[in-house]
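Worksheet: the structure to be examined is printed underneath.
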Amino acid sequence: MREALFIKQNSQRWKDYEDLKTKGPDELADCFISITDDLAYAKTFYPNSNTTKYLNGLASSFHQSIYKNKKEKANRFITFWRYELPLVFYKHRKPLLYSLLFFFTFSLMGVLSARYDDSILRSIAGNDYVNNTNENIAKGDPFAVYKQGGEFFMFIRIALNNIRVELGIFAMGIFFSVGGISILLYNGIMLGSFQYYFFSKGVGWQSVFVIWIHGTLEISAIILAGGAGLVLGNSLLFPKTYKRIISLKNGAKDGLKIAIGLIPIFLTAAFFEGFVTRHTEMPVWLSGSILLSSLTFIIWYVILYPAYLNRKSTYHNLTINETTY
């Protein structure tokens, strides 16, 4: 449609909208939705025209009229984890999947490296750790390292370290996604070589039912943090129809939501490692139940629940959706 015809068909309606700014909230909301539809059309077909600038200003004024006196809901904290974060997971499900595939590949590299070069683990963990673990295996208590130190001190130390690593993965994503992937590479190789080491010593399955009590949440959160880094980096590399700076702002906002949303998961994993994992004598059914419950939660909260919300929700009643003016 030619711009002149577009203006002719809608100019009177736009003028009427300007006179409705003092009407009720329902009318304002309907007008706002209609104006944003027109703005989206104008941005697509007449991106640099005065019509687009006019509609942008009109939409902005309606937005201010609707929200200038709006108070933040008291349950905003709950809404973030109940609706906003899961929909961010769904919106960026591809980068999260890529992060999983990267980490899985890097872990396999760690397994193969440890199999053909037993020095790889020593170069990552240090000779002292490997020697101490060999001694613990010989004593019949291969995971005695988790029993050292006080529970609370270990919880704090591990939580702070994991959150630092997570934020580092996210922030390094700004380097064209490669920065975050490089940290995933290190952690993936470390995990793969560790796991192979325990299997090579004959305590592989025991390590699964001990280490993965906390490792299920911890490793899942690291993979999701890698996804957050990819969201940030990809927004700079692939801005699509947005200006690069706008795309970067949107990517940083969504990536930061993921990074912040992972903090409770890291805290829970650190609690398990500090207070629960040290009880290596617990029955297999109990440790297996904790492991399975953690895995079920991750699958539900990151995959199933976001898909459900996406089917049931609309762009108008959830805060995940953005309108850029």
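What you see is a predicted model, and the numbers here were worked out from it, not measured in a lab. In what follows, every heavy atom counts, from backbone to side chain, and hydrogens, waters and symmetry copies are set aside.
R82 CZ: 12 or fewer foreign heavy atoms inside a 6.0 Å radius. Under a cut-off of 6.0 angstrom, the local environment of CZ in R93 is crowded, with over 12 non-hydrogen atoms contributed by other residues, nucleotides or ligands. Counting non-hydrogen atoms of other residues, nucleotides and ligands closer than 6.0 Å to CZ of F175 gives a total of 12 or fewer. Within a 6.0 Å sphere centred on CH2 of W81, heavy atoms belonging to other residues, nucleotides or ligands number more than 12. Within a 6.0 Å sphere centred on CZ of F275, heavy atoms belonging to other residues, nucleotides or ligands number more than 12. Crowding of K53 atom NZ: a count of heavy atoms from other residues, nucleotides or ligands under 6.0 Å not exceeding 12.
In this structure, CG on D141 lies 9.0 Å from CD on E281, to the nearest 0.5 angstrom.
Of the possible donor and acceptor atoms, one in the side chain of S287 sits under 3.5 Å from a partner among the backbone N and O of F209. The main-chain N or O of M109 is found under 3.5 Å from a side-chain atom of S113 such that the two form a donor-acceptor pair. Proximity of a side-chain donor or acceptor of S107 to a complementary backbone N or O of G192 within less than 3.5 Å is not detected. Checking side-chain atoms of N161 against main-chain N and O of R157 turns up no donor-acceptor pair under 3.5 Å. No donor-acceptor pair under 3.5 Å is formed between the side chain of T216 and the backbone N or O of I213. Within the 3.5 Å criterion, the main-chain N or O of G149 finds a donor-acceptor partner in the side chain of R278.
Checked against the 6.0 Å centroid threshold, F198 and F143 count as a close aromatic pair. Outside the 6.0 Å centre-distance limit, the rings of H279 and Y146 are not counted as a close aromatic pair.
For the residue pair K201/S207, the side-chain donor-acceptor check at 3.5 Å is not satisfied. Looking only at atom types and distance, the side chain of Y196 has no donor-acceptor partner in the side chain of D118 under 3.5 Å away. There is a side-chain donor-acceptor pair under 3.5 Å between S49 and T52. One side chain, W212 or Q195, offers a donor N or O that lies under 3.5 Å from an acceptor on the other.
Residues satisfying the ring pair (Phe, Tyr, Trp, His ring centres under 6.0 Å) test with F152, not counting sequence neighbours, are none. In this structure P306 satisfies the side-chain contact (heavy atoms from CB on, under 4.5 Å) test together with P86, F89, Y90, sequence neighbours excluded.
Between Y305 and Y301, the two ring planes are parallel [angle under 30°; tilted spans 30° to 60°].
No chain of hydrophobic side-chain contacts below 4.5 Å, direct or via other Ile, Leu, Val, Met, Phe, Trp or Tyr residues, connects I124 to V111. Cluster membership for I299 and L292, using ILVMFWY side-chain heavy atoms within less than 4.5 angstrom, is not shared. Under a hydrophobic clustering in which Ile, Leu, Val, Met, Phe, Trp and Tyr are joined whenever their side-chain heavy atoms come within less than 4.5 Å, directly or via other members, L108 and V208 fall into different clusters.
The salt bridge (Lys or Arg N to Asp or Glu O under 4.0 Å) contacts involving residues 232-250 comprise nothing, where partners must be two or more places apart or lie in separate chains.
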side-chain hydrogen bond (donor to acceptor under 3.5 Å, both in side chains) between Y98 and N234, intermediate numbers included
CA-CA 12 Å; Y98 296 152; N234 289 353; over 6 Å; no
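A 4.5 Å side-chain heavy-atom check between L217 and L295 finds every atom pair outside the cut-off.
A pairwise comparison of heavy atoms in S235 and S247 identifies O-OG, 2.6 Å as the closest pair. Here the shortest heavy-atom pairing between A221 and I265 reads CB-CG2, 3.9 Å.
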